[in-house]
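Bear in mind the structure is a predicted one, so any value in this text is a computation, not a measurement. Throughout, a chain's letter reflects where its sequence line sits, starting with A, and its residues are numbered from 1.
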Number of protein chains: 2
Amino acid sequence: MISRSKQVDKQKDILAAALKLFTEYGFHGTPTSKIAQEAGVANGTLFHYYKTKDELIIALYADIKTKLSFCIDIKPNGQESIKDIARRNYISAINWSLENPSEFRFTQQFITSPYLALVPPQIQEQSSALLDLVKEGIRAKEIKVTPPEYVAELLNSHLSAVHQYLTRAKLSQARQKQVIADSFELLWKMLS
Amino acid sequence: MISRSKQVDKQKDILAAALKLFTEYGFHGTPTSKIAQEAGVANGTLFHYYKTKDELIIALYADIKTKLSFCIDIKPNGQESIKDIARRNYISAINWSLENPSEFRFTQQFITSPYLALVPPQIQEQSSALLDLVKEGIRAKEIKVTPPEYVAELLNSHLSAVHQYLTRAKLSQARQKQVIADSFELLWKMLS
DNA sequence: GTTTAGATCGACTAATCACTCTACAAAGAT
DNA sequence: ATCTTTGTAGAGTGATTAGTCGATCTAAAC
């Protein structure tokens, strides 16, 4: 067999269906039965993979986090300065969020909900790459603002803002690219 | 009778109870029966004031928005420059969010949820004061970044970031005040 | 004092939902 | 070929919940 085993496919289908319905109707607005239906599996199958609805929600969050982390690479690429590395990752992150609006929307909903408290620490911590980069920027005196946690917060929310703006204002491809490039310079001006 | 009429008190109690429980357990995690119980009223009373649970949730959002709008005043106070007005309102908003963490948390949860789409336009629009100030700043060439919607988005998310950071890092009163003042200068540096 | 309109109560209901259970199918392993 | 494990199905269930309803209370109006 060339394709992956059936199990994995169904599991992916369930996550995809859950993502779609959660972003459209919210957590409480989407019953597990609808998720199973949308995924094309039986109700019992869903509970074979995820013991509870909460577990499914958290697994979906973890899955999205993992996918996003593949876009982030803080290792220098040739002779990159810290600013270059930051720019490259900033642009990757924005593009990912624009290409995966459901994932972005779900994450926003999730992290502002009480579900966040249920996430196991090891999953929550795995995104320290950003923090490491900020720390290095501060050490190298390219970033003047401290502490790193504060900078990371400013950075994250800046990304959200740009995503939000670009989603609402439907700009041409070229104009959008320009706004992204400019917004990074704006951010960097603030931090350096 | 010195106090307000009973109706108003009960209605306020219901909103307060809903706010408390929603931020703790989420929308779907808090049944209307628990809200009534927490508010010290009967189940039927809740539905006397709000025809549905959704209506209650939206009313709570509108109520919070109104309360916040009382903190915002974009009319010049004496010889204030636009930057001064912006600073004054920025600091008011941050302080309000720190003094009313539940309201802030609820709002964050609400605006990232599908409930936002259910809000009647006239309630949603009432916060154009911020946008007006930004437009004036741009016209007066004190703000270099455009368009106004983009600036407003950056501003809002900046406020969230500072709130988030200050809530997590428990700083002394004085240090906190310093961070707030500095963060406004940071923001202004970015925009001007 | 009587009327009237709204406020309050809490038992009740109809529907829904998360989750279980059992039967069966598929596919390896030996 | 037989056994074992794992996946899949879908009807079923017990608990929960949003919302209803009619009775009672309150207080203001006349």
Does anything in [range] form a side chain to side chain donor-acceptor pair (under 3.5 Å)? List the pairs, not counting sequence neighbours.
range                       : answer
residues 93-102 of chain B  : B:Ser97-B:His163
residues 130-152 of chain B : none
residues 71-80 of chain B   : B:Glu80-B:Arg88

If I take atom [atom1] in residue [X] and atom [atom2] in nucleotide [N], what distance separates them, rounded to the nearest angstrom?
X       : N      : atom1 : atom2 : result
B:Asp9  : D:dT26 : CG    : P     : 17 Å
B:Tyr50 : D:dT20 : OH    : P     : 16 Å
B:Ile14 : C:dA7  : CD1   : C1'   : 11 Å
A:Gln37 : D:dT8  : CD    : P     : 18 Å
A:Tyr25 : C:dT16 : OH    : P     : 15 Å
A:Lys10 : D:dG10 : NZ    : P     : 10 Å
B:Leu56 : D:dG19 : CG    : P     : 10 Å

Qualifying residue, where the test is side-chain contact (heavy atoms from CB on, under 4.5 Å) with A:Ile14 and the options are A:Leu19, A:Leu60, A:Leu46, A:Thr32:
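Only match with A:Ile14 under side-chain contact (heavy atoms from CB on, under 4.5 Å): A:Leu46.
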
Ring pair (Phe, Tyr, Trp, His ring centres under 6.0 Å) with B:Trp188: which residues, sequence neighbours excluded?
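Listed in chain order: B:Phe184.
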
My understanding is that only residues two or more places apart in sequence, or in another chain, count here; which of them pass ring pair (Phe, Tyr, Trp, His ring centres under 6.0 Å) with B:Phe47?
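Not a single residue meets the ring pair (Phe, Tyr, Trp, His ring centres under 6.0 Å) criterion with B:Phe47.
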
Would you be so kind as to tabulate the donor-acceptor pairs closer than 3.5 Å made by side chains of residues 34-43 of chain B, with sequence neighbours excluded?
from: B:Glu38; atom 1: OE2; to: B:Lys20; atom 2: NZ; distance (Å): 3.1

Looking at [X], I'd like to know whether one of its side-chain N or O atoms comes within less than 4.0 Å of OP1 or OP2 on [N].
X       : N     : result
A:Tyr49 : D:dT8 : yes
B:Thr45 : C:dC9 : yes
B:His48 : C:dA7 : yes

Roughly what angle, to 10°, lies between the helix axis at the start of the helix from C:dG1-D:dC30 to C:dT30-D:dA1 and the one at its end, five pairs per end?
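About 10° separates the two local helix axes.
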
Please produce a list of atom pairs where a protein N or O lies less than 3.5 Å from an N or O of nucleotides 19-25 of chain C.
from: C:dC19; atom 1: OP2; to: A:Lys53; atom 2: N; distance (Å): 2.7

Starting the side chain at C-beta, find the nucleotide from C:dG10, D:dA9, C:dA18 nearest to A:Pro31.
C:dA18

Full working for salt bridge (charged side-chain N to carboxylate O under 4.0 Å, His left out) between B:Asp84 and B:Arg87
CA-CA 5 Å; B:Asp84 290 336; B:Arg87 185 192 293 108; 3.0 Å; yes

Using side chain to side chain contact (heavy atoms under 4.5 Å, CB included) as the criterion, list what pairs up with B:Ala181, not counting sequence neighbours.
none

Pick the closest DNA chain D nucleotide for A:Ala42 and for B:His28 by heavy atoms, then say which residue is nearer the 5' end.
A:Ala42

